[in-house]
Amino acid sequence: MELRGKIWIDGKIFDFDDGKIHILAHALHYGTACFEGIHSYEAKKGVGIFRLKEHISRLYESAKVLGMQLRYSQGEIKKTIKKLIKINKIKDGYIRPLAFYGFGSLDVYPKNIKPSIAIIALPCSSEIKKPMRLMTSSYKRINPDASKFGAKISGFYANSVMAMREARQKGYDEALMLDSSGFVAEGPSHNVFMVKNGRIITSDSKSILPGITRLSLMELGRDLGYNVSEQKIYLDEIKTADEVFYCGTLSETIPIVQIDNAKIGNAKIGKITGILRKEFQKIVRGENKKYKKWLEYV
Ligand code: PMP
């Protein structure tokens, strides 16, 4: 990802190096921010943003969980994202809207702090992601009782950071996180799927972020005629799967070829993972009319 371009904060546009906040920003101390990661693509009819409506709607749901009354409507934020994509001359890009409690109080309760909202839009390369090796994390995914299901809140990512760090230190690419009951949940920033006997299965856990890519791949898989389900997945089951892959907005799909000491498949992308990846690519490039509603053009 190239770190450049203009940044929009609360209605004003700043040069990249001037996109700053105060050291006393509440979000910096207490994690009281929420965000989205959105992918834009150079598509058939121009620059298309993948499932923009769903991302913005999830941002506003997360903001609600933090008690934020955002000063712009969802429509205004969508318009601003499109404007910033044009200003920054982005084709394949990563867009990061961030709503946060800024400067105003050191109390844990963000009394009288008007939430801010920022938008960052960066060019990114859409290279095919290489297979990864996972380590089962000793850190459990945050229990849903500690939050609200589906909220993408910055503070919770400290849990992801710890899991990622542990996995990298042990020489793996990423972590696989379990929920507090010991079932497979997700990665620090990806959802997980496995393929067993031709069936596509994703984890059914209240500890995951129900990703937009996950939802899209489930629909795509069903449309392609596969049996797709959400199930409780035991660690032993995923380790003996025929294929495993991670998915998320930026990376789309990433084949997983090892979990701890267990090898998955033959160290290459699995057959069904490959089919989903190829079909997904057509969708995001605007080459499959059936899913044109998933792309909003700039
Ligand atoms: N889980 C976590 C914890 C994530 O951070 C992400 C990335 N947003 C995902 C799953 C995948 O979600 P999406 O497909 O909506 O990007």
Side-chain angles (χ1 to χ4, degrees), residues 1 31 33-41 49-63 65 81 92-99 120 122 124 126 129 132 134 137 139-144 146-167 173-180 183-194 200 202-221 228 230 233 238 244-254 256 273 276-277 280-281 283-284 291 294-296:
M1 210 158 339
C34 55
F35 64 98
E36 276 302 314
I38 306 173
H39 206 152
S40 70
Y41 293 90
I49 310 173
F50 188 68
R51 306 202 79 167
L52 178 63
K53 192 169 108 233
E54 288 82 351
H55 280 287
I56 299 304
S57 150
R58 187 169 69 184
L59 179 71
Y60 277 68
E61 285 301 315
S62 303
V65 172
I81 286 175
D92 283 3
Y94 182 72
I95 299 106
R96 165 64 60 91
L98 173 79
I120 301 133
L122 307 168
C124 70
S126 293
K129 299 293 174 300
M132 292 200 307
L134 307 183
S137 183
Y139 297 101
K140 294 274 161 57
R141 201 79 187 111
I142 288 178
N143 193 302
S147 170
K148 282 260 165 52
F149 180 63
K152 193 167 164 65
I153 292 174
S154 299
F156 299 158
Y157 278 81
N159 173 244
S160 292
V161 171
M162 290 187 280
M164 275 288 272
R165 208 166 159 264
E166 180 189 45
D173 300 306
E174 263 222 26
L176 175 66
M177 303 181 78
L178 307 180
D179 63 20
S180 54
F183 290 105
V184 170
E186 61 177 349
S189 63
H190 293 105
N191 288 124
V192 65
F193 278 86
M194 68 174 184
I200 302 172
T202 186
S203 57
D204 173 15
S205 169
K206 286 281 170 271
S207 292
I208 67 166
L209 180 78
I212 292 165
T213 318
R214 172 182 181 268
L215 199 70
S216 309
L217 289 170
M218 286 170 73
E219 192 172 329
L220 175 63
V228 180
E230 289 173 272
I233 302 177
I238 199 165
V244 175
F245 63 91
Y246 265 5
C247 71
T249 291
L250 187 62
S251 39
E252 302 165 1
T253 50
I254 311 178
I256 303 300
T273 311
L276 289 173
R277 176 185 262 182
F280 193 79
Q281 263 301 309
I283 294 172
V284 299
Y291 302 93
W294 286 357
L295 269 192
E296 191 164 328

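FYI, side chains are in, hydrogens and waters are out, and symmetry mates aren't considered; it's all heavy atoms of this structure. Read the numbers this way: they start at 1 and go in the same order the structure lists the ligands and their atoms.
In the model, E166 has a side-chain atom that pairs as donor or acceptor with a side-chain atom of S137 under 3.5 Å.
A salt bridge does not link K53 with E296: none of the charged nitrogens is closer than 4.0 Å to a carboxylate oxygen. For K129 and E252, the salt-bridge test fails: no basic side-chain N is under 4.0 Å from an acidic carboxylate O. Salt bridge status for R214 with E230: present, with a side-chain N to carboxylate O gap under 4.0 Å.
Using cut-offs of 30° and 60° for the angle between ring planes, the H39 and Y41 rings count as parallel.
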Contact table ligand 1 N or O to protein N or O, d under 3.5 Å:
from	atom 1	to	atom 2	distance (Å)
ligand 1	1 (N)	E186	OE1	2.7
ligand 1	5 (O)	K152	NZ	3.3
ligand 1	5 (O)	Y157	OH	2.5
ligand 1	8 (N)	K152	NZ	2.8
ligand 1	14 (O)	I212	N	3.3
ligand 1	14 (O)	T213	N	2.9
ligand 1	14 (O)	T213	OG1	2.6
ligand 1	15 (O)	R58	NH1	3.0
ligand 1	15 (O)	R58	NH2	2.9
ligand 1	15 (O)	I212	N	2.8
ligand 1	16 (O)	T249	N	3.0
ligand 1	16 (O)	T249	OG1	2.6

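A donor-acceptor pair under 3.5 Å links the side-chain atoms of T213 to the main chain of T249, judged by distance alone.
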